[in-house]
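Lettering follows sequence order; numbering is per chain, from 1.
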2 protein chains.
Amino acid sequence: MEPVPMLLAMTYRAMGDQFHDRLRQIGLEPLRPAHGYVFRFLKERRATTVDIGQHLGVTKQAAAKIVNELDEWGYVLREPHPTDKRAQYVTLTTKGRDYLKFADNLWSDLEGEMAEAIGEDTVATIKQGLTAYLRHVHGEDQPGLRPVW
Amino acid sequence: MEPVPMLLAMTYRAMGDQFHDRLRQIGLEPLRPAHGYVFRFLKERRATTVDIGQHLGVTKQAAAKIVNELDEWGYVLREPHPTDKRAQYVTLTTKGRDYLKFADNLWSDLEGEMAEAIGEDTVATIKQGLTAYLRHVHGEDQPGLRPVW
DNA sequence: TAAGGTTAGACAACTTGGTTGACTACTTTG
DNA sequence: CAAAGTAGTCAACCAAGTTGTCTAACCTTA
């Protein structure tokens with residue numbers, strides 16, 4: 001049997017490809033994974049570009065590029081930080097929130113199909129197992145999200 | 001709970017980082033994942049550069065770069081294809097096989113630690129589940145291995 | 001068996017998505 | 001209040017891929 005990381009990489013790609021294909025079928029412009037992860041991150045909290053970079057596991061400059069794109073495309077906007085005049089909060093626009101909602105539905109469709117294929121309890125075990133492992137490896141301080149290839 | 005693909009990406013990175021760190025601790029030059037995947041691929045079969053590219057999910061030109069590196073570093077060598085004068089078989093040298101053996105031990109250490117953390121049966125379920133899912137998604141014809149970020 | 005289409009590999013130009021480094025304006029700490 | 005640290009921006013660079021082109025060899029197939 002393949003080593004675990006290979007299975008992870010292959011499954012990641014398989015799911016990502018399907019996600020991407022379906023977005024295109026529907027005609028929604030397929031952003032890159034990083035963009036989606038930013039949406040998801042911003043949904044839960046207010047964050048600066050630096051925060052986003054940290055979450056993605058890239059430099060603040062790389063994060064700034066992504067934020068710029070999302071801004072140009074109308075998915076996020078910047079608002080002044082209430083107390084720190086250097087900083088800006090990046091926040092989702094309605095368009096951004098809509099995209100996220102749509103993507104989330106698509107993900108849960110895909111997860112449902114996975115459950116059909118290998119069993120709902122197996123999917124649950126996988127999710128819990130990986131979550132537990134991640135918690136075990138680096139307690140509370142989440143690492144970068146980006147896989148390094 | 002996070003969507004499955006995020007968990008996959010994060011776990012992939014977490015394991016990869018540990019692998020990388022330990023290789024460095026030991027002083028072994030840390031190749032990139034792609035190199036390791038090539039070793040693993042060549043262990044099982046004879047392959048040309050084109051085959052390798054297909055396996056990795058990249059163009060033959062990209063595969064050629066990787067093979068060139070491995071050649072320069074002494075991990076593989078090229079030998080003439082017995083019947084096709086255009087083609088070359090890429091084969092592992094002893095150095096390549098040794099590296100692979102070492103890496104495999106390291107991977108199984110890491111997998112053992114994962115089993116300690118979340119339970120041996122959970123790891124087994126994860127491996128079987130992902131394998132089954134991959135088989136379900138694209139029957140026998142394996143797709144590229146590289147995660148797209 | 002010659003002709004037309006395909007393929008392995010090499011070379012070059014380019015694109016993408018990141019990096020490092022430097023700098024300004026502002027903030028925090030001692 | 002001075003010194004150190006931080007958010008964001010700009011610019012130069014880099015790594016790892018891509019596309020496109022070419023040659024030599026291969027594979028029909030008529």
As a quick check of understanding, evaluate side chain to side chain contact (heavy atoms under 4.5 Å, CB included) for Y133(B) and M15(A), giving each step before the final call.
CA-CA 10 Å; Y133(B) 176 73; M15(A) 296 191 78; 3.6 Å; yes
Measure NE2/H81(A) against C1'/dC26(C) and give the value in whole Å, please.
12 Å
Report yes if a donor N or O on one partner sits less than 3.5 Å from an acceptor N or O on the other, where the partners are the side chain of E69(A) and the base of dG17(C); otherwise report no.
no
Whole angstroms only, please: what is the CZ-P distance between R32(B) and dA15(D)?
10 Å
Checking D51(B) against F41(B) for the side chain to side chain contact (heavy atoms under 4.5 Å, CB included) test, could you report, in this order, the C-alpha distance in whole Å, the side-chain angles of both residues, the deciding distance, and whether it holds?
CA-CA 10 Å; D51(B) 297 332; F41(B) 187 61; 4.3 Å; yes
Set out, in order, the CA-CA distance, both residues' side-chain angles and the distance that settles ring-ring contact (aromatic ring centres under 6.0 Å, His included) for W149(B) and Y37(A), then state yes or no.
CA-CA 11 Å; W149(B) 172 246; Y37(A) 295 155; 5.5 Å; yes
Assess whether side chain to side chain contact (heavy atoms under 4.5 Å, CB included) is satisfied between R146(B) and R13(A), documenting all intermediate values.
CA-CA 7 Å; R146(B) 183 173 61 94; R13(A) 180 166 199 183; 4.1 Å; yes
For dG17(D), does OP1 or OP2 lie under 4.0 Å from any side-chain N or O of W149(A)?
yes
Using the six-membered ring wherever Trp is involved, compare the ring planes of Y99(B) and Y75(B) and label them parallel, tilted or perpendicular (cut-offs 30° and 60°).
perpendicular
Tell me the interatomic distance from L56(A), atom CG, to dT19(C), atom P, rounded to whole angstroms.
10 Å
Q61(A) (side chain) and dG17(C) (base): donor-acceptor pair under 3.5 Å:
no
Dump every N/O contact between nucleotides 4-8 of chain C and the protein below 3.5 Å, one line per pair.
from	atom 1	to	atom 2	distance (Å)
dT7(C)	O2	R86(B)	NH1	2.2

Between K65(A) and K85(B), which is nearer to the 5' end of DNA chain D once each is assigned its nearest nucleotide?
K65(A)
Check the distance between dG18(C)'s C1' and N68(A)'s CG and give it to me in whole angstrom.
15 Å
Checking R97(B) against K43(B) for the side chain to side chain contact (heavy atoms under 4.5 Å, CB included) test, could you report, in this order, the C-alpha distance in whole Å, the side-chain angles of both residues, the deciding distance, and whether it holds?
CA-CA 8 Å; R97(B) 242 182 300 275; K43(B) 186 186 180 186; 5.8 Å; no
If you assign each of Y89(B) and A62(A) to its closest nucleotide in DNA chain C, which residue comes earlier from the 5' end?
Y89(B)
